[in-house]
Amino acid sequence: MGNDSKTKLISPEFSSPDSTQYKVYPYRFVVYILTCLSSMQNFMMWSVVYPLQSTNSDIYDLNLAWIVFGTSTIQNITYLPGTFLANYFYDQIGIRAGTFVGGVLTLAGLWVRSLCGTADGFWYIMAGHTLGGIGQPFFFNIPQKISSTWFSPKERTYATTGMTIFFSMANSIGSLIPQFFLKDDQSKEEKITQIQKMFLFTAILGTISYIPGFLFIRSKPDTPPSAAQEESEKANKDFKQNLKNLWNNKNATIFIIACAFNQSATISFSYILEPLLQAFDFNYEDASNIFSLANFLQIPGAFLGAIVVSKTSKYKLPVIGLSFLGVALILGVMMTAATGLRWLLMTYYCICYFFQGPIVPLTLEFVVELAFPVGEATSGGLIVMLYEIISCPITILTSNYLNHPNKTSATVCFFILAGVCAIGAFMMFFVKEDLRRQKFEKAQAHQDDSILDKSKSETVKAEELGSDYTSI
């Protein structure tokens with residue numbers, strides 16, 4: 001008693017009954033920034049092709065459905081094996097190993113994709129995106145893992161939000177890149193050459209952004225930042241048991257399925273945004289500008305949501321509201337696009353994206369709360385994996401229907417997407433706001449206070465006893 005040489009460093013938040021104490025380290029910001037830079041390569045890999053679906057269909061003489069499948073839907077298929085691999089690495093081996101594997105897969109995909117300089121070069125693009133798709137879960141599943149492993153309870157929501165915002169910024173930058181390489185008046189051969197140059201540029205940029213993370217990212221700090229994180233690390237040593245525990249948590253399972261339906265519709269919507277808008281006489285530059293500006297406007301919206309949730313510690317009502325906003329986004333874009341007014345379409349799209357900014361970080365934090373002590377990468381990763389799976393048939397169906405875009409086919413696709421999105425939004429009502437991680441931390445803090453009071457009481461008694469002994 002009192003001779004524990006392994007006592008950990010100080011923290012104002014929590015301390016455990018065995019004198020374990022918790023601290024956050026300045027190096028967490030280094031890990032945070034480097035993880036953002038490492039993940040930038042993967043997110044830009046996808047967003048750079050979103051505005052070019054119809055263009056690629058024309059220059060490679062392929063059905064639009066094939067183009068969408070090879071550049072976007074392929075990640076829905078590869079996400080399944082990729083997410084189990086990523087969750088295993090993050091929850092069993094460590095963050096450093098996970099970012100290394102994800103980075104290698106993504107870089108391989110970027111460089112393979114850059115070989116597409118011939119008329120049949122689309123298959124190099126598809127092969128590169130297959131590798132990148134396997135690597136994507138290593139970056140998409142990491143925000144809540146980084147925030148729980150390195151940041152204090154008060155910082156977690158902001159950390160998760162900040163990282164997902166960086167992903168949005170990478171998407172915005174990626175969607176603007178085609179405008180610097182492609183012009184409407186270029187021939188097919190010129191466009192193929194320019195697309196290859198564009199992909200080569202993104203491969204070089206991705207390599208540069210990945211190297212610092214490879215050298216300096218660490219898996220975890222010397223001591224955990226909270227009691228909940230220490231408990232989570234203890235509980236996640238058996239990967240299979242981790243998955244079983246999550247499946248047995250019906251409340252968390254319902255939430256994961258609800259998020260999967262809701263977000264599968266919005267992700268499919270982003271995949272086919274360009275052909276949808278083309279049906280209303282907009283072009284790839286319009287889609288690129290709208291997508292880019294909207295993603296930038298997610299930044300203040302996401303932080304606003306993080307502030308509200310951090311102050312109230314309430315997740316369910318904001319998530320329900322944001323889920324129904326996804327339905328409004330899809331139907332509203334349909335109606336504003338039908339007017340043919342670019343300013344109206346862009347204004348509506350951007351307003352919705354501003355308010356929808358918090359949806360990804362809040363769902364990732366909410367599922368960690370519901371599923372605790374299941375690993376953060378596992379619980380959050382399953383949401384993304386399921387919405388990628390559901391998104392696959394939706395995207396294939398709608399992109400086939402849009403092979404020759406017109407207003408009728410586009411309208412049908414809008415309603416399909418809105419319907420799937422609404423299913424997930426209504427399912428949210430059946431989720432109970434059981435914040436298990438917060439309950440554990442409050443119980444831990446209460447237990448620590450009780451132990452401290454008892455210790456003080458024993459000290460006072462000892463002093464009184466010593467005093468009596470002296471007087472005798």
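Residues: numbered from 1 along the sequence shown. In this text, all values refer to a predicted model and were calculated from it rather than measured experimentally.
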Legend entry - Exercise: do S148 and R437 side chains pair donor with acceptor under 3.5 Å: yes
Inset, instruction - Give, for atom CE of M169 and atom CZ of F296, the distance between the pair rounded to the nearest 0.5 Å. - result: 5.5 Å
Inset, instruction - Could you grab the distance from atom CZ of F199 to atom CD1 of I177, nearest 0.5 Å is fine? - result: 10.5 Å
Inset, instruction - Measure the spacing between CD1 of I290 and SG of C350 and express it to the nearest 0.5 Å. - result: 7.5 Å
Inset, instruction - In plain terms, say whether K23 and D222 are close enough for a salt bridge, that is, a side-chain N and a carboxylate O under 4.0 Å apart. - result: no
Inset, instruction - Apply the side-chain contact (heavy atoms from CB on, under 4.5 Å) test between S268 and each candidate in I416, I390, L417, T73; give the one that qualifies. - result: L417
Legend entry - Donor-acceptor side-chain pairing of T99 and S38 below 3.5 angstrom: no
Legend entry - Side chains of T106 and Q41, donor plus acceptor under 3.5 Å: no
Inset, instruction - Measure the CG-CZ distance between L297 and F355 for me, rounded to the nearest 0.5 Å. - result: 10.5 Å
Inset, instruction - Check step by step if ring pair (Phe, Tyr, Trp, His ring centres under 6.0 Å) holds for F84 and Y88. - result: CA-CA 6 Å; F84 283 110; Y88 177 81; over 10 Å; no
Which atom pairs, one a donor and one an acceptor, fall under 3.5 Å between side chains of residues 323-336 and the rest of the protein, sequence neighbours left out?
from	atom 1	to	atom 2	distance (Å)
S323	OG	V319	O	2.7
T336	OG1	G332	O	2.9
T336	OG1	V333	O	3.2

Inset, instruction - Mark yes or no for whether S39, through its side chain, and C36, through its backbone, hold a donor-acceptor pair below 3.5 Å. - result: yes
Inset, instruction - Would you name the heavy atoms of A127 and V112 that are closest together and state the gap between them? - result: CB-CG1, 4.0 Å
Legend entry - Heavy atoms of other groups near Y158 OH, more than 12 under 6.0 Å: yes
Legend entry - E433 side-chain N/O to K316 backbone N/O, donor-acceptor pair under 3.5 Å: yes
Inset, instruction - Kindly assign one of parallel, tilted or perpendicular to the pair F426 and F429, based on the angle between their ring planes and the thresholds 30° and 60°. - result: tilted
Legend entry - Side chains of L273 and Y50 in contact at under 4.5 Å (non-hydrogen atoms): no
Legend entry - Contacts of type salt bridge (charged side-chain N to carboxylate O under 4.0 Å, His left out), residue R156, not counting sequence neighbours: E441
Legend entry - Side-chain touch T149/R28, heavy atoms, less than 4.5 angstrom: no
Legend entry - Main-chain N/O of N251 paired with D434 side-chain donor or acceptor, under 3.5 Å: no
Legend entry - Qualifying side chain to side chain donor-acceptor pair (under 3.5 Å) pairs, either residue in residues 126-135, two or more places apart: R113-H129
Inset, instruction - Please assess N245 against N249 for the test side chain to side chain contact (heavy atoms under 4.5 Å, CB included), listing each intermediate value before the final yes or no. - result: CA-CA 6 Å; N245 290 341; N249 184 334; over 6 Å; no
Legend entry - Nearest heavy atoms of R436 and P373, plus distance in Å: NH2-CD, 4.3 Å
Inset, instruction - Evaluate the side-chain proximity of P361 to T157: yes if any heavy-atom separation is below 4.5 Å, no if none is. - result: no
Legend entry - Derivation of the side chain to side chain contact (heavy atoms under 4.5 Å, CB included) call for Q263 and T363: CA-CA 10 Å; Q263 295 181 24; T363 53; 3.5 Å; yes
Inset, instruction - Count the heavy atoms of every other residue, nucleotide or ligand shown that sit under 6.0 Å from NZ of K311, and state whether that count exceeds 12. - result: no
Inset, instruction - Indicate whether any N or O donor in one side chain lies under 3.5 Å from an N or O acceptor in the other, for S264 and S391. - result: no
Inset, instruction - Give the C-alpha distance, both sets of side-chain angles, the deciding distance and a yes or no for side chain to side chain contact (heavy atoms under 4.5 Å, CB included) between L382 and V367. - result: CA-CA 10 Å; L382 281 178; V367 75; over 6 Å; no
Inset, instruction - Apply side-chain contact (heavy atoms from CB on, under 4.5 Å) to Y27 and list each qualifying residue two or more places apart in sequence or on a separate chain. - result: V30, V31, W150, F216, R218
Inset, instruction - Measure from the side-chain N and O atoms of Q144 to the backbone N and O of T160, and report whether any donor-acceptor pair falls under 3.5 Å. - result: no
Legend entry - Main-chain N/O of S172 paired with S292 side-chain donor or acceptor, under 3.5 Å: yes
Legend entry - Min side-chain heavy-atom separation T35-M163 under 4.5 Å: yes
Inset, instruction - Verify, without hydrogens or angle tests, whether E155 (side chain) and S152 (backbone) share a donor-acceptor contact under 3.5 angstrom. - result: yes
Inset, instruction - Decide whether Q179 and N289 meet the rule of one side-chain donor and one side-chain acceptor closer than 3.5 Å. - result: yes
Legend entry - Closest non-hydrogen atom pair, L52 against M198: CD1-CE, 3.7 Å
Inset, instruction - Kindly check if the number of other-residue, nucleotide or ligand heavy atoms within 6.0 Å of NZ (K220) is above 12? - result: no
Legend entry - L397 side chain reached by P393 side chain, heavy atoms, under 4.5 Å: no
Legend entry - Beyond-backbone contact of F138 with L85, side-chain heavy atoms, under 4.5 angstrom: yes
Inset, instruction - Could you tell me whether a side-chain N or O of Y210 sits under 3.5 Å from a main-chain N or O of F100, the two making a donor and an acceptor? - result: yes
Inset, instruction - Return the set of residues passing ring pair (Phe, Tyr, Trp, His ring centres under 6.0 Å) with F43 (not counting sequence neighbours), or none when no residue passes. - result: F140, F167
Inset, instruction - Salt-bridge test for K439 and E369: reply yes if a basic N is under 4.0 Å from a carboxylate O, no otherwise. - result: no
Inset, instruction - Take the angle between the ring planes of F255 and F366 and call it parallel below 30°, perpendicular above 60°, tilted in between. - result: perpendicular
Legend entry - Side chains of C392 and Y79 in contact at under 4.5 Å (non-hydrogen atoms): no
Inset, instruction - Compute whether any side-chain donor of one residue and acceptor of the other, for W46 and T71, lie under 3.5 angstrom apart. - result: no
Inset, instruction - Heavy atoms only: give me the nearest A306-T161 pair and the separation to one decimal. - result: CB-OG1, 3.4 Å
Inset, instruction - Answer with yes or no whether the side chains of Y25 and T223 bring together a donor and an acceptor at under 3.5 Å. - result: yes
Legend entry - Verdict with reasoning, Y348 to L344, per side chain to side chain contact (heavy atoms under 4.5 Å, CB included): CA-CA 6 Å; Y348 181 81; L344 183 61; 5.5 Å; no
Legend entry - Closest approach of P358 to G305 (non-hydrogen atoms, all atoms of both residues): CG-CA, 3.7 Å
Legend entry - Side-chain heavy-atom pair Y387, F261 within 4.5 angstrom cut-off: no
Legend entry - Least distance between heavy atoms, A260 atom then L386 atom: CB-CB, 3.5 Å
Legend entry - Distance in Å, I77 CD1 paired with L80 CG, rounded so as to fall on 0.5 Å steps: 10.0 Å
Inset, instruction - Applying ring pair (Phe, Tyr, Trp, His ring centres under 6.0 Å), name anything that partners F430, two or more places apart in sequence or on another chain. - result: none
Legend entry - Side chain Q75, main chain S72, donor-acceptor under 3.5 Å: yes
Legend entry - N262 (side chain) donor-acceptor with A258 (main chain) under 3.5 angstrom: no
Inset, instruction - With rounding to the nearest 0.5 Å, note down the distance linking OG1 in T78 to CD1 in I134. - result: 6.0 Å
Inset, instruction - Verify, without hydrogens or angle tests, whether N171 (side chain) and M44 (backbone) share a donor-acceptor contact under 3.5 angstrom. - result: no
